[in-house]
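By convention here, the first residue in the shown sequence is residue 1. Just follow the structure's listing: the first ligand is 1, and inside any ligand the first atom is 1.
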Amino acid sequence: MALVTTKDMFKKAYDGGYAVGAFNVNNMEIVQGITEAAGELKSPVILQVSKGARAYANHTYLVKLVEAAVEENPEIPIALHLDHGDTFELCKSCIDGGFTSVMIDASSKSFEDNIALTKQVVEYAHANGVVVEAELGTLAGIEDEVVVEAGHESYTRPEEVEEFVDRTGCDSLAIAIGTSHGAYKFTAEQCTRNADGILVPPPLRFDVLEECIKRLPGFPIVLHGSSSVPQEFVKMVNQYGGNMPDAVGIPEEQLRKAATLAVCKINIDSDIRLAMTGNIRKYFAEHPDHFDPRQYLKPARQAVKDMVAHKIQYVLGSDGKA
Ligand code: G3H
Ligand code: 13P
Ligand code: ZN
């Protein structure tokens, strides 16, 4: 199977009550870990590349790595997506350069400016067989150079979604219902603590999601900032010399519920970073004399694979849906 767009993936996910995982890729081990898990579980998957990933690894290297993964996993649909494109030029460069899907994130602009830029990207993308994700509302956290402090995010206004989708022609819509980017999604003040002293975040705004679904029946919704920040990885990082106090994510059961509704794409990056970093720290602590990168990148790649396999089966519900 060649690279696909997300059109068909989302239609099946919407009708089947599951979501497709969109995982950020920055190097070979990450691409391999994700696609080996998806391949073995016969799951569709979206590999997404941020502006920062392109700056780090280079557009051509990333496209070729993804093409290799497609060749190695011929039985599953794989889409290549631009994450948080912030200009028409960046989106155009990815459309011209082999991506099958792009996000134009003009959510920090005014409603009218967001519509104008999104529409411009949609026209070019659709003329080239590429689909477009847009965003309404702002998430807290860090994405590329933009930092939105917790408490300064704004939920999507459901009364705007219909007009936005009609006027832009976008293919999917990212909304803000309380998810957040990064490993520190909420301040301690926004959370309560459980008996073990672990932060419990405020629940997602399912009322906002339900309102959006009512106004956009059948339309695929996207959730960004959906890492769960597994405490086993946070503990591993902290045990082996790291310092990540009060890292907290979105509880898996809330994401599972969203996946059964209209949410067709769930974005995960921070959990990949944590899985790799925890395991590499552990490896270094346990093998201080080793210096071959293959030795410590191997368990890191395996940890990404295990984490993605867990998400596919227990959070996304996309196993067996290829
Ligand atoms: O939403 C942001 C993603 O986690 C990508 O992060 O811009 O540091 O590659 P990055
Ligand atoms: P996390 O930081 O929660 O993994 O979110 C990633 C994301 O939304 C990428 O666009
Ligand atoms: Zn995001």
Within reach of ligand 2, part of I268 (heavy-atom separation under 4.0 Å)
backbone

Any heavy atom of N24 under 4.0 Å from ligand 2? The part involved is side chain

Show me the side-chain donor-acceptor pairs of residues 90-103 shorter than 3.5 Å, one per line, residues at least two apart or across chains.
from, atom 1, to, atom 2, distance (Å)
K92, NZ, D96, OD2, 2.7
S93, OG, R54, NH2, 2.6
D96, OD1, Y124, OH, 2.5
D96, OD2, Y124, OH, 3.4
T100, OG1, V4, O, 2.8
T100, OG1, L80, N, 3.1
T100, OG1, L80, O, 3.3
S101, OG, H81, ND1, 2.7

I want to know if ligand 2 touches S227 in the polar sense, i.e. an N/O pair below 3.5 angstrom.
yes

Would you say R273 contacts ligand 1, with heavy atoms under 4.0 Å as the rule?
yes

Just checking, any donor-acceptor pair under 3.5 angstrom between side chains of N267 and H181?
no

Ring centers of F284, Y296 separated by less than 6.0 Å:
yes

Per-atom contacts of ligand 2 with S270, taking only distances under 4.0 Å to non-hydrogen atoms
1 (P), 2 (O), 4 (O)

Within ligand 2, which atoms have a heavy atom of G225 less than 4.0 Å away?
1 (P), 3 (O), 5 (O), 7 (C), 8 (O)

Evaluate the side-chain proximity of E252 to S228: yes if any heavy-atom separation is below 4.5 Å, no if none is.
yes

Only N/O/S atoms count here: what is the atom of H224 closest to the Zn ion (ligand 3) called?
ND1

Counting from 1, what ligand 2 atoms have a heavy atom of K185 closer than 4.0 Å?
1 (P), 2 (O), 3 (O)

Among the N, O or S atoms of H84, which one sits nearest to the Zn ion (ligand 3)?
NE2

Below 4.0 angstrom from a heavy atom of S50, which ligand 1 atoms are there? Numbered from 1 as shown, please.
5 (C), 7 (O), 9 (O), 10 (P)

Just to be sure I read this right, does ligand 1 sit under 4.0 Å from the backbone of N267, its side chain, both, or neither, counting only heavy atoms?
neither

Location of contacts on S50 toward ligand 2, heavy atoms closer than 4.0 Å:
neither

Report, in ascending order of atom number, the atoms of ligand 1 lying under 4.0 Å from any heavy atom of N24.
3 (C), 5 (C)

Please state which part of H224 comes within less than 4.0 Å of ligand 1, counting heavy atoms only: side chain, backbone, both or neither.
neither

What atoms in ligand 1 come closer than 4.0 Å to a heavy atom of D269?
3 (C), 4 (O), 5 (C), 6 (O)

Report, in ascending order of atom number, the atoms of ligand 2 lying under 4.0 Å from any heavy atom of Q48.
9 (C), 10 (O)

Taking the side chain as every heavy atom from C-beta outward, state whether L261 and E210 have any atom pair closer than 4.5 Å.
yes

Just which atoms of ligand 2 are under 4.0 Å from any heavy atom in H224?
8 (O), 10 (O)

Determine, for F10 and K265, whether the Lys NZ or Arg CZ falls below 6.0 Å from the six-membered ring centre while staying within 45 degrees of the axis.
no

Checking S43 against S318: is there a side-chain donor and acceptor pair closer than 3.5 Å?
yes

Parallel, tilted or perpendicular: which describes the rings of H290 and H287, with under 30° parallel and over 60° perpendicular?
parallel

Distance-only donor-acceptor check, side chains E133 and H224, under 3.5 Å
yes

Run the contact test for R273 against ligand 2 with a 4.0 Å cut-off on heavy atoms, strictly below, and give the result.
no

Considering only heavy atoms of S180, which atoms of ligand 2 have at least one such atom less than 4.0 Å away?
3 (O)

Any idea which atoms of ligand 2 are less than 4.0 Å away from a heavy-atom of D83?
9 (C), 10 (O)

With no hydrogens and no angle check, just 3.5 Å: does a side-chain donor-acceptor pair link Q313 and D319?
no

Numbering as shown, the atoms of ligand 2 that approach H84 to under 4.0 Å (heavy-atom distance)
10 (O)

M9 side chain reached by P44 side chain, heavy atoms, under 4.5 Å:
yes

The ring pair (Phe, Tyr, Trp, His ring centres under 6.0 Å) partners of F111 (sequence neighbours excluded) come to none

Between N26 and ligand 1, is there a nitrogen or oxygen pair with a distance under 3.5 Å?
no

So, N243 versus N238: side-chain donor-acceptor pair below 3.5 Å or not?
no

